[in-house]
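Chain naming here is simple, since letters A, B, ... match the order of the sequence lines and numbering starts at 1 in each.
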Protein chains: 2
Amino acid sequence: MNEINKNMIKKSIEESIVLSILDLSSQLKKIGDEVYQKVGLTTQQWLILLHLADNPNLPFFKREKHEKDLMASELADSLNVTRANITNLINILLDKGLIRQYEDNKDRRKKRLKLTKKGITLVNKTQPSRLGVINYLTEGFSKEEKQTFLCFLEQCMDKLINEDEKIKSFHKLLENSDVDL
Amino acid sequence: MNEINKNMIKKSIEESIVLSILDLSSQLKKIGDEVYQKVGLTTQQWLILLHLADNPNLPFFKREKHEKDLMASELADSLNVTRANITNLINILLDKGLIRQYEDNKDRRKKRLKLTKKGITLVNKTQPSRLGVINYLTEGFSKEEKQTFLCFLEQCMDKLINEDEKIKSFHKLLENSDVDL
DNA sequence: ATAAATAATTAATGTAATTAACTAATTTTG
DNA sequence: CAAAATTAGTTAATTACATTAATTATTTAT
(Lines give C-alpha, C1' and ligand atoms only; values in the text may rest on other atoms or scores of the structure.)
Protein backbone atom coordinates (compact mmCIF):
# COMPACT_ATOMS: atom_id res chain seq x y z
CA MET A 1 0.00 0.00 0.00
CA ASN A 2 1.23 3.42 -0.90
CA GLU A 3 2.40 5.44 2.08
CA ILE A 4 1.32 8.72 0.53
CA ASN A 5 -2.13 7.27 0.06
CA LYS A 6 -2.36 5.87 3.58
CA ASN A 7 -4.58 7.66 6.08
CA MET A 8 -5.14 10.43 3.64
CA ILE A 9 -8.72 10.86 4.79
CA LYS A 10 -9.67 11.56 8.40
CA LYS A 11 -12.31 9.74 10.40
CA SER A 12 -15.60 11.62 10.62
CA ILE A 13 -18.85 10.54 12.23
CA GLU A 14 -20.78 12.63 9.73
CA GLU A 15 -19.21 11.05 6.70
CA SER A 16 -19.59 7.61 8.30
CA ILE A 17 -23.31 8.25 8.68
CA VAL A 18 -23.78 9.32 5.09
CA LEU A 19 -21.78 6.40 3.71
CA SER A 20 -23.67 4.02 5.99
CA ILE A 21 -26.99 5.31 4.75
CA LEU A 22 -25.96 4.62 1.16
CA ASP A 23 -24.74 1.17 2.09
CA LEU A 24 -27.79 0.28 4.16
CA SER A 25 -30.10 1.44 1.44
CA SER A 26 -28.47 -0.80 -1.13
CA GLN A 27 -28.70 -3.76 1.25
CA LEU A 28 -32.36 -3.05 1.91
CA LYS A 29 -33.11 -2.81 -1.79
CA LYS A 30 -31.21 -5.99 -2.46
CA ILE A 31 -33.09 -8.01 0.11
CA GLY A 32 -36.34 -6.38 -0.96
CA ASP A 33 -35.75 -7.35 -4.57
CA GLU A 34 -35.12 -10.93 -3.51
CA VAL A 35 -38.30 -11.08 -1.47
CA TYR A 36 -40.59 -9.32 -3.93
CA GLN A 37 -39.20 -11.35 -6.81
CA LYS A 38 -41.36 -14.15 -5.44
CA VAL A 39 -44.41 -12.20 -6.51
CA GLY A 40 -42.73 -10.94 -9.68
CA LEU A 41 -42.12 -7.39 -8.47
CA THR A 42 -39.11 -5.16 -7.88
CA THR A 43 -38.57 -2.90 -4.87
CA GLN A 44 -39.32 0.10 -7.06
CA GLN A 45 -42.67 -1.34 -8.19
CA TRP A 46 -43.38 -2.26 -4.61
CA LEU A 47 -42.84 1.33 -3.51
CA ILE A 48 -45.49 2.42 -5.98
CA LEU A 49 -47.95 -0.01 -4.41
CA LEU A 50 -47.11 1.40 -0.97
CA HIS A 51 -47.87 4.89 -2.25
CA LEU A 52 -51.22 3.81 -3.65
CA ALA A 53 -51.95 2.07 -0.36
CA ASP A 54 -51.54 5.46 1.28
CA ASN A 55 -48.80 4.25 3.56
CA PRO A 56 -48.52 7.20 5.99
CA ASN A 57 -44.88 6.39 6.69
CA LEU A 58 -43.73 7.38 3.23
CA PRO A 59 -41.70 10.61 3.35
CA PHE A 60 -43.67 11.98 0.42
CA PHE A 61 -46.89 12.01 2.44
CA LYS A 62 -45.18 14.01 5.18
CA ARG A 63 -44.17 16.65 2.67
CA GLU A 64 -47.32 16.76 0.57
CA LYS A 65 -50.91 16.40 1.57
CA HIS A 66 -53.18 14.84 -0.99
CA GLU A 67 -56.93 14.43 -1.12
CA LYS A 68 -57.44 12.57 -4.32
CA ASP A 69 -55.82 9.41 -5.63
CA LEU A 70 -52.24 9.90 -6.75
CA MET A 71 -51.20 10.47 -10.32
CA ALA A 72 -48.04 9.46 -12.14
CA SER A 73 -46.36 12.83 -11.82
CA GLU A 74 -46.71 12.74 -8.04
CA LEU A 75 -45.12 9.31 -7.96
CA ALA A 76 -42.29 10.64 -10.14
CA ASP A 77 -41.81 13.44 -7.61
CA SER A 78 -41.77 11.12 -4.65
CA LEU A 79 -39.47 8.51 -6.16
CA ASN A 80 -37.23 11.20 -7.60
CA VAL A 81 -37.39 9.91 -11.17
CA THR A 82 -38.87 11.17 -14.43
CA ARG A 83 -42.52 10.83 -15.43
CA ALA A 84 -41.48 8.79 -18.45
CA ASN A 85 -39.95 6.22 -16.15
CA ILE A 86 -43.06 6.03 -13.99
CA THR A 87 -45.16 5.39 -17.09
CA ASN A 88 -43.20 2.18 -17.68
CA LEU A 89 -43.44 1.00 -14.09
CA ILE A 90 -47.15 1.69 -14.05
CA ASN A 91 -47.70 -0.29 -17.23
CA ILE A 92 -46.15 -3.33 -15.59
CA LEU A 93 -48.41 -3.01 -12.54
CA LEU A 94 -51.44 -2.46 -14.78
CA ASP A 95 -50.56 -5.63 -16.72
CA LYS A 96 -50.37 -7.56 -13.49
CA GLY A 97 -53.78 -6.25 -12.50
CA LEU A 98 -52.50 -4.75 -9.26
CA ILE A 99 -53.51 -1.18 -10.01
CA ARG A 100 -55.97 0.63 -12.20
CA GLN A 101 -56.08 4.03 -13.81
CA TYR A 102 -58.97 6.44 -14.35
CA GLU A 103 -59.33 9.91 -15.77
CA ASP A 104 -59.87 12.81 -13.42
CA ASN A 105 -63.27 14.26 -14.23
CA LYS A 106 -62.23 17.82 -13.36
CA ASP A 107 -59.01 17.84 -15.40
CA ARG A 108 -58.87 15.44 -18.27
CA ARG A 109 -55.09 15.62 -18.60
CA LYS A 110 -54.79 13.83 -15.30
CA LYS A 111 -54.98 10.11 -14.75
CA ARG A 112 -55.38 8.93 -11.21
CA LEU A 113 -54.16 5.61 -9.94
CA LYS A 114 -55.50 3.21 -7.37
CA LEU A 115 -54.97 -0.31 -6.17
CA THR A 116 -57.28 -3.00 -7.44
CA LYS A 117 -58.81 -5.48 -5.00
CA LYS A 118 -55.95 -7.81 -5.91
CA GLY A 119 -53.42 -5.05 -5.19
CA ILE A 120 -55.01 -4.27 -1.83
CA THR A 121 -54.98 -7.94 -0.90
CA LEU A 122 -51.30 -8.26 -1.79
CA VAL A 123 -50.28 -5.21 0.24
CA ASN A 124 -52.34 -6.30 3.23
CA LYS A 125 -50.96 -9.80 3.15
CA THR A 126 -47.34 -8.70 3.09
CA GLN A 127 -47.51 -5.75 5.46
CA PRO A 128 -47.16 -7.87 8.64
CA SER A 129 -43.96 -9.53 7.48
CA ARG A 130 -42.58 -6.21 6.26
CA LEU A 131 -43.18 -4.77 9.72
CA GLY A 132 -41.70 -7.90 11.28
CA VAL A 133 -38.44 -7.36 9.45
CA ILE A 134 -38.40 -3.66 10.18
CA ASN A 135 -39.04 -4.11 13.89
CA TYR A 136 -36.37 -6.78 14.10
CA LEU A 137 -33.85 -4.52 12.40
CA THR A 138 -34.55 -1.54 14.61
CA GLU A 139 -35.02 -3.23 17.99
CA GLY A 140 -32.97 -2.19 20.98
CA PHE A 141 -33.32 1.54 20.59
CA SER A 142 -35.73 3.68 22.57
CA LYS A 143 -38.72 5.49 21.13
CA GLU A 144 -36.93 8.79 21.80
CA GLU A 145 -33.79 7.71 20.02
CA LYS A 146 -35.80 6.54 17.04
CA GLN A 147 -37.66 9.82 16.97
CA THR A 148 -34.35 11.68 16.93
CA PHE A 149 -33.11 9.58 13.99
CA LEU A 150 -36.23 10.31 12.09
CA CYS A 151 -35.80 14.06 12.68
CA PHE A 152 -32.23 13.76 11.54
CA LEU A 153 -33.22 11.99 8.33
CA GLU A 154 -35.98 14.50 7.71
CA GLN A 155 -33.60 17.42 8.18
CA CYS A 156 -31.18 15.92 5.66
CA MET A 157 -33.95 15.38 3.15
CA ASP A 158 -35.36 18.82 3.67
CA LYS A 159 -31.99 20.40 2.98
CA LEU A 160 -31.35 18.23 -0.04
CA ILE A 161 -34.72 19.10 -1.53
CA ASN A 162 -35.15 22.74 -0.60
CA GLU A 163 -31.60 23.94 -0.60
CA ASP A 164 -30.04 21.94 -3.37
CA GLU A 165 -28.61 25.08 -4.97
CA LYS A 166 -26.70 25.78 -1.79
CA ILE A 167 -25.50 22.17 -1.74
CA LYS A 168 -24.29 22.26 -5.30
CA SER A 169 -22.44 25.49 -4.56
CA PHE A 170 -20.16 23.57 -2.22
CA HIS A 171 -18.90 21.76 -5.28
CA LYS A 172 -18.25 24.85 -7.36
CA LEU A 173 -14.53 24.22 -7.25
CA LEU A 174 -15.03 21.01 -9.18
CA GLU A 175 -15.96 23.02 -12.23
CA ASN A 176 -12.69 24.89 -12.25
CA SER A 177 -10.77 21.85 -11.22
CA ASP A 178 -7.40 21.60 -12.88
CA VAL A 179 -7.52 17.83 -12.60
CA ASP A 180 -7.26 17.00 -16.22
CA LEU A 181 -9.82 14.37 -17.26
CA MET B 1 -60.33 7.77 -2.67
CA ASN B 2 -61.56 4.34 -1.76
CA GLU B 3 -62.77 4.11 1.83
CA ILE B 4 -61.61 0.52 2.18
CA ASN B 5 -58.17 1.60 1.06
CA LYS B 6 -58.00 4.62 3.36
CA ASN B 7 -55.82 4.42 6.45
CA MET B 8 -55.19 0.79 5.84
CA ILE B 9 -51.66 1.09 7.11
CA LYS B 10 -50.79 2.38 10.58
CA LYS B 11 -48.18 4.98 11.38
CA SER B 12 -44.91 3.51 12.59
CA ILE B 13 -41.68 5.31 13.45
CA GLU B 14 -39.70 2.24 12.46
CA GLU B 15 -41.22 2.01 9.01
CA SER B 16 -40.85 5.78 8.61
CA ILE B 17 -37.15 5.46 9.34
CA VAL B 18 -36.62 2.69 6.83
CA LEU B 19 -38.57 4.44 4.09
CA SER B 20 -36.74 7.69 4.83
CA ILE B 21 -33.39 5.96 4.50
CA LEU B 22 -34.36 4.66 1.06
CA ASP B 23 -35.59 8.08 0.03
CA LEU B 24 -32.59 9.94 1.38
CA SER B 25 -30.23 7.54 -0.30
CA SER B 26 -31.79 8.09 -3.69
CA GLN B 27 -31.59 11.86 -3.21
CA LEU B 28 -27.94 11.63 -2.21
CA LYS B 29 -27.13 9.50 -5.23
CA LYS B 30 -29.00 11.86 -7.50
CA ILE B 31 -27.18 14.93 -6.31
CA GLY B 32 -23.91 13.01 -6.29
CA ASP B 33 -24.41 11.96 -9.91
CA GLU B 34 -25.04 15.58 -10.84
CA VAL B 35 -21.89 16.77 -9.11
CA TYR B 36 -19.57 14.01 -10.27
CA GLN B 37 -20.86 14.24 -13.81
CA LYS B 38 -18.69 17.34 -14.03
CA VAL B 39 -15.65 15.10 -13.89
CA GLY B 40 -17.31 12.37 -15.96
CA LEU B 41 -17.99 9.99 -13.09
CA THR B 42 -21.03 8.40 -11.45
CA THR B 43 -21.62 8.08 -7.71
CA GLN B 44 -20.85 4.38 -7.98
CA GLN B 45 -17.50 5.00 -9.67
CA TRP B 46 -16.81 7.65 -7.10
CA LEU B 47 -17.38 5.16 -4.29
CA ILE B 48 -14.73 2.92 -5.81
CA LEU B 49 -12.26 5.80 -5.70
CA LEU B 50 -13.14 6.39 -2.04
CA HIS B 51 -12.41 2.74 -1.32
CA LEU B 52 -9.05 2.90 -3.03
CA ALA B 53 -8.32 6.10 -1.11
CA ASP B 54 -8.81 4.05 2.07
CA ASN B 55 -11.54 6.30 3.34
CA PRO B 56 -11.89 5.05 6.93
CA ASN B 57 -15.54 6.11 7.05
CA LEU B 58 -16.65 3.45 4.59
CA PRO B 59 -18.71 0.77 6.35
CA PHE B 60 -16.72 -1.92 4.57
CA PHE B 61 -13.52 -0.93 6.37
CA LYS B 62 -15.26 -1.19 9.73
CA ARG B 63 -16.30 -4.76 8.93
CA GLU B 64 -13.10 -5.93 7.24
CA LYS B 65 -9.51 -5.13 7.94
CA HIS B 66 -7.22 -5.17 4.96
CA GLU B 67 -3.48 -4.97 4.68
CA LYS B 68 -2.95 -5.04 0.97
CA ASP B 69 -4.53 -2.99 -1.79
CA LEU B 70 -8.12 -3.95 -2.54
CA MET B 71 -9.14 -6.25 -5.34
CA ALA B 72 -12.27 -6.26 -7.45
CA SER B 73 -14.03 -8.98 -5.46
CA GLU B 74 -13.69 -6.97 -2.26
CA LEU B 75 -15.22 -3.96 -3.96
CA ALA B 76 -18.06 -6.17 -5.17
CA ASP B 77 -18.59 -7.29 -1.59
CA SER B 78 -18.59 -3.79 -0.24
CA LEU B 79 -20.83 -2.28 -2.89
CA ASN B 80 -23.13 -5.28 -2.77
CA VAL B 81 -22.96 -5.98 -6.51
CA THR B 82 -21.54 -8.75 -8.66
CA ARG B 83 -17.91 -9.07 -9.66
CA ALA B 84 -18.91 -8.82 -13.30
CA ASN B 85 -20.35 -5.41 -12.63
CA ILE B 86 -17.22 -4.23 -10.85
CA THR B 87 -15.13 -5.33 -13.84
CA ASN B 88 -17.01 -2.84 -15.99
CA LEU B 89 -16.75 0.01 -13.51
CA ILE B 90 -13.03 -0.63 -13.08
CA ASN B 91 -12.45 -0.58 -16.80
CA ILE B 92 -13.93 2.89 -16.99
CA LEU B 93 -11.70 4.15 -14.18
CA LEU B 94 -8.67 2.49 -15.79
CA ASP B 95 -9.49 4.21 -19.09
CA LYS B 96 -9.67 7.53 -17.33
CA GLY B 97 -6.29 6.89 -15.78
CA LEU B 98 -7.61 7.32 -12.24
CA ILE B 99 -6.65 3.85 -11.02
CA ARG B 100 -4.20 1.14 -11.95
CA GLN B 101 -4.14 -2.62 -11.55
CA TYR B 102 -1.29 -5.00 -10.75
CA GLU B 103 -1.02 -8.72 -10.18
CA ASP B 104 -0.56 -10.03 -6.67
CA ASN B 105 2.78 -11.80 -6.60
CA LYS B 106 1.65 -14.39 -4.05
CA ASP B 107 -1.58 -15.39 -5.81
CA ARG B 108 -1.68 -14.84 -9.50
CA ARG B 109 -5.48 -15.01 -9.70
CA LYS B 110 -5.65 -11.76 -7.83
CA LYS B 111 -5.37 -8.29 -9.25
CA ARG B 112 -4.94 -5.45 -6.83
CA LEU B 113 -6.10 -1.94 -7.44
CA LYS B 114 -4.75 1.44 -6.46
CA LEU B 115 -5.22 5.08 -7.25
CA THR B 116 -2.87 6.72 -9.69
CA LYS B 117 -1.35 10.09 -8.86
CA LYS B 118 -4.15 11.64 -10.89
CA GLY B 119 -6.74 9.66 -8.88
CA ILE B 120 -5.20 10.73 -5.58
CA THR B 121 -5.21 14.35 -6.69
CA LEU B 122 -8.86 14.19 -7.67
CA VAL B 123 -9.95 12.64 -4.37
CA ASN B 124 -7.90 15.11 -2.35
CA LYS B 125 -9.24 18.07 -4.27
CA THR B 126 -12.89 17.11 -3.79
CA GLN B 127 -12.78 15.81 -0.24
CA PRO B 128 -13.16 19.29 1.37
CA SER B 129 -16.33 20.11 -0.55
CA ARG B 130 -17.74 16.63 0.12
CA LEU B 131 -17.21 17.20 3.83
CA GLY B 132 -18.70 20.67 3.50
CA VAL B 133 -21.94 19.26 2.16
CA ILE B 134 -22.02 16.47 4.71
CA ASN B 135 -21.45 18.81 7.64
CA TYR B 136 -24.10 21.17 6.37
CA LEU B 137 -26.62 18.32 6.03
CA THR B 138 -25.98 16.94 9.50
CA GLU B 139 -25.56 20.14 11.49
CA GLY B 140 -27.67 20.82 14.56
CA PHE B 141 -27.34 17.42 16.20
CA SER B 142 -24.97 16.65 19.06
CA LYS B 143 -21.97 14.38 18.80
CA GLU B 144 -23.79 11.89 21.05
CA GLU B 145 -26.89 11.87 18.91
CA LYS B 146 -24.82 11.31 15.81
CA GLN B 147 -22.92 8.51 17.49
CA THR B 148 -26.15 6.81 18.51
CA PHE B 149 -27.45 7.17 15.01
CA LEU B 150 -24.34 5.58 13.58
CA CYS B 151 -24.73 2.64 15.99
CA PHE B 152 -28.29 2.28 14.82
CA LEU B 153 -27.26 2.14 11.18
CA GLU B 154 -24.50 -0.31 11.98
CA GLN B 155 -26.89 -2.58 13.86
CA CYS B 156 -29.27 -2.61 10.91
CA MET B 157 -26.47 -3.45 8.50
CA ASP B 158 -25.06 -6.11 10.77
CA LYS B 159 -28.41 -7.85 10.97
CA LEU B 160 -29.01 -7.57 7.24
CA ILE B 161 -25.62 -9.08 6.46
CA ASN B 162 -25.21 -11.70 9.15
CA GLU B 163 -28.76 -12.77 9.73
CA ASP B 164 -30.25 -12.49 6.31
CA GLU B 165 -31.66 -16.02 6.55
CA LYS B 166 -33.64 -14.97 9.59
CA ILE B 167 -34.83 -11.88 7.75
CA LYS B 168 -35.96 -13.82 4.72
CA SER B 169 -37.84 -16.19 7.00
CA PHE B 170 -40.17 -13.36 7.94
CA HIS B 171 -41.33 -13.42 4.36
CA LYS B 172 -41.95 -17.15 4.16
CA LEU B 173 -45.66 -16.58 3.87
CA LEU B 174 -45.14 -14.83 0.56
CA GLU B 175 -44.13 -18.12 -1.02
CA ASN B 176 -47.39 -19.77 -0.11
CA SER B 177 -49.34 -16.65 -0.82
CA ASP B 178 -52.66 -17.32 -2.44
CA VAL B 179 -52.56 -13.96 -4.13
CA ASP B 180 -52.78 -15.13 -7.67
CA LEU B 181 -50.20 -13.38 -9.85
C1' DA C 1 -57.49 34.26 -28.53
C1' DT C 2 -53.02 33.10 -28.01
C1' DA C 3 -49.31 31.61 -25.24
C1' DA C 4 -47.58 29.08 -21.48
C1' DA C 5 -47.83 25.41 -18.39
C1' DT C 6 -49.10 20.77 -17.01
C1' DA C 7 -49.89 15.64 -17.65
C1' DA C 8 -49.01 11.75 -19.86
C1' DT C 9 -47.03 9.13 -23.41
C1' DT C 10 -43.82 7.30 -27.01
C1' DA C 11 -39.45 6.24 -29.11
C1' DA C 12 -34.71 5.96 -28.95
C1' DT C 13 -31.08 5.35 -26.13
C1' DG C 14 -27.76 4.83 -22.12
C1' DT C 15 -26.17 2.88 -17.92
C1' DA C 16 -25.81 -0.18 -14.35
C1' DA C 17 -26.99 -4.16 -13.03
C1' DT C 18 -27.82 -9.22 -13.72
C1' DT C 19 -26.90 -14.38 -15.03
C1' DA C 20 -24.37 -17.98 -17.18
C1' DA C 21 -20.45 -19.70 -19.16
C1' DC C 22 -15.61 -19.58 -19.28
C1' DT C 23 -10.35 -19.41 -18.09
C1' DA C 24 -6.99 -19.68 -14.83
C1' DA C 25 -4.89 -20.33 -10.37
C1' DT C 26 -5.07 -22.00 -5.77
C1' DT C 27 -6.79 -24.82 -1.98
C1' DT C 28 -9.05 -28.76 -0.13
C1' DT C 29 -9.67 -33.42 0.43
C1' DG C 30 -10.00 -38.35 -0.28
C1' DC D 1 -0.60 -36.61 -5.01
C1' DA D 2 -4.46 -36.24 -8.21
C1' DA D 3 -9.15 -34.93 -8.55
C1' DA D 4 -12.55 -31.86 -6.99
C1' DA D 5 -13.91 -27.64 -5.17
C1' DT D 6 -13.18 -22.90 -4.56
C1' DT D 7 -11.71 -18.33 -5.73
C1' DA D 8 -10.73 -14.40 -8.99
C1' DG D 9 -11.62 -12.30 -12.87
C1' DT D 10 -13.63 -11.79 -17.50
C1' DT D 11 -16.91 -12.01 -21.39
C1' DA D 12 -21.37 -12.10 -23.70
C1' DA D 13 -26.14 -11.74 -23.61
C1' DT D 14 -29.78 -9.82 -21.33
C1' DT D 15 -32.75 -7.09 -18.20
C1' DA D 16 -34.31 -3.27 -15.27
C1' DC D 17 -34.47 1.23 -14.81
C1' DA D 18 -33.42 5.31 -16.04
C1' DT D 19 -32.75 9.21 -19.29
C1' DT D 20 -33.85 12.86 -23.13
C1' DA D 21 -36.52 14.73 -26.76
C1' DA D 22 -40.61 15.02 -29.19
C1' DT D 23 -45.68 14.66 -29.33
C1' DT D 24 -50.56 15.08 -27.96
C1' DA D 25 -54.04 16.84 -25.19
C1' DT D 26 -55.85 19.82 -21.84
C1' DT D 27 -56.01 23.57 -18.79
C1' DT D 28 -54.51 28.10 -17.06
C1' DA D 29 -52.71 32.66 -17.63
C1' DT D 30 -52.07 37.02 -20.25
Over how many whole Å does the gap from A/Q44 atom CD to C/dA16 atom P extend? 17 Å
At under 4.0 Å, does any side-chain N or O of A/Q45 touch on OP1 or OP2 of D/dA16? no
When B/I92 and A/M71 are each assigned the nearest nucleotide of DNA chain C, the 5'-most assignment goes to A/M71
Hey, are the side chains of B/F149 and B/F141 touching, using non-hydrogen atoms and a 4.5 Å cut-off? no
Measure from CD1 on A/I99 to P on C/dA8 and round the result to the nearest Å. 12 Å
At 4.0 Å (heavy atoms only), tell me whether A/Q101 reaches a base, stays on the sugar-phosphate, or touches nothing. sugar-phosphate
Test of understanding: with salt bridge (Lys or Arg N to Asp or Glu O under 4.0 Å), list the residues that count as partners of B/K146, not counting sequence neighbours. A/E14
Between A/K62 and B/S20, is the side chain to side chain donor-acceptor pair (under 3.5 Å) condition met? List the steps. CA-CA 11 Å; A/K62 304 191 177 177; B/S20 295; 5.6 Å; no
Listed partners of A/R83 passing salt bridge (Lys or Arg N to Asp or Glu O under 4.0 Å), at least two apart: none
A/E74 atom CD is separated from C/dA7 atom C1', nearest whole Å, by 11 Å
Integer-rounded Å distance: C/dA8 C1' and A/I90 CD1: 9 Å
Treating primed atoms plus P, OP1 and OP2 as sugar-phosphate and everything else as base, which nucleotides of nucleotides 18-29 of chain C get B, S or - for protein heavy atoms under 4.0 Å? BB-----BS---
OP1, OP2 of D/dC17 versus side-chain N and O of A/T42: anything below 4.0 Å? yes
Provide the full list of salt bridge (Lys or Arg N to Asp or Glu O under 4.0 Å) pairs with a residue in residues 135-144 of chain A, sequence neighbours left out, each pair given once. A/E139-B/K159
How would you list, by chain and number, every residue that makes a side chain to side chain contact (heavy atoms under 4.5 Å, CB included) with B/N88, sequence neighbours excluded? none
If the condition is side-chain hydrogen bond (donor to acceptor under 3.5 Å, both in side chains), which residues does B/N55 pass it with, not counting sequence neighbours? A/E15, B/N57
Need the bend value for the helix from C/dA1-D/dT30 to C/dG30-D/dC1: angle between end axes, 5 pairs each end, nearest 10°. 30°
Starting at CD of B/E103 and ending at C1' of D/dG9, how long is that distance when rounded to a whole Å? 11 Å
Report yes if a side-chain nitrogen or oxygen of A/S73 is closer than 4.0 Å to either non-bridging phosphate oxygen (OP1 or OP2) of C/dT6; otherwise report no. no
Round to a whole Å and report the spacing from CG of A/N105 to C1' of C/dA7. 16 Å
Within this structure, what is the OH-to-P distance between B/Y36 and C/dA16, rounded to whole angstrom? 15 Å
How many Å lie between CD on A/Q37 and P on D/dC17, as a whole number? 11 Å
For A/F60, all residues meeting ring-ring contact (aromatic ring centres under 6.0 Å, His included), sequence neighbours excluded: none
Partner residues of B/R108 under the salt bridge (Lys or Arg N to Asp or Glu O under 4.0 Å) criterion, sequence neighbours left out: none
